[in-house]
Amino acid sequence: MAAQTRTAVDSEAMIASTRNKLVLEQAKAAGLLGAAKNTRVSGRVPSELIEAAKKRAHVTSDTELLELALSRLALEDDFGVRLVARKGSIPSDIDLGV
């Protein structure tokens with residue numbers, strides 16, 4: 001049982017690492033990340049929030065967490081907003097085949 005749990009944890013960490021790498025690559029390609037780190041961000045948040053976010057993202061430093069979180073937010077698409085905006089735009093008499 002312990003071996004299965006360890007394998008699941010390793011698998012989750014590998015998936016998170018790959019996802020993080022892809023997000024940072026996209027941010028770099030979009031010109032959001034580069035060599036210069038020229039802005040400092042400061043704020044007060046609960047330490048439990050930071051630790052939970054680091055654990056979930058599989059990162060260890062505050063800088064790494066902020067860079068990843070801000071990249072995800074900056075790259076986030078508006079699919080949900082566009083989907084909700086389409087509500088009622090399909091005629092009710094159309095045959096969807098379901």
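Numbering starts at 1 and runs along the sequence shown. Atoms considered below: every heavy atom in the structure, side chains included; atoms not considered: hydrogens, waters and symmetry mates.
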Could you give the side-chain donor-acceptor pairs of residues 35-54 under 3.5 Å, partners two or more places apart or in another chain?
residue, atom, partner, partner atom, Å
K54, NZ, T60, O, 3.3
K54, NZ, D62, OD1, 2.7

Kindly list each side-chain donor-acceptor pair under 3.5 angstrom involving residues 80-93, sequence neighbours excluded, with atom names and distances?
residue, atom, partner, partner atom, Å
R82, NE, D78, OD1, 2.9
S89, OG, R86, O, 2.6

Please table the atom pairs, donor to acceptor, closer than 3.5 Å between any side-chain atom in residues 16-25 and protein atoms at least two apart or in another chain.
residue, atom, partner, partner atom, Å
T18, OG1, M14, O, 3.0
N20, OD1, R72, NH2, 2.9
N20, ND2, A16, O, 3.3
N20, ND2, A57, O, 2.7

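- For the salt bridge (charged side-chain N to carboxylate O under 4.0 Å, His left out) test, no residue two or more places apart in sequence or in another chain qualifies with D95.
- For L32, the side-chain contact (heavy atoms from CB on, under 4.5 Å) test picks out A27, A30, A74, L75, with sequence neighbours left out.
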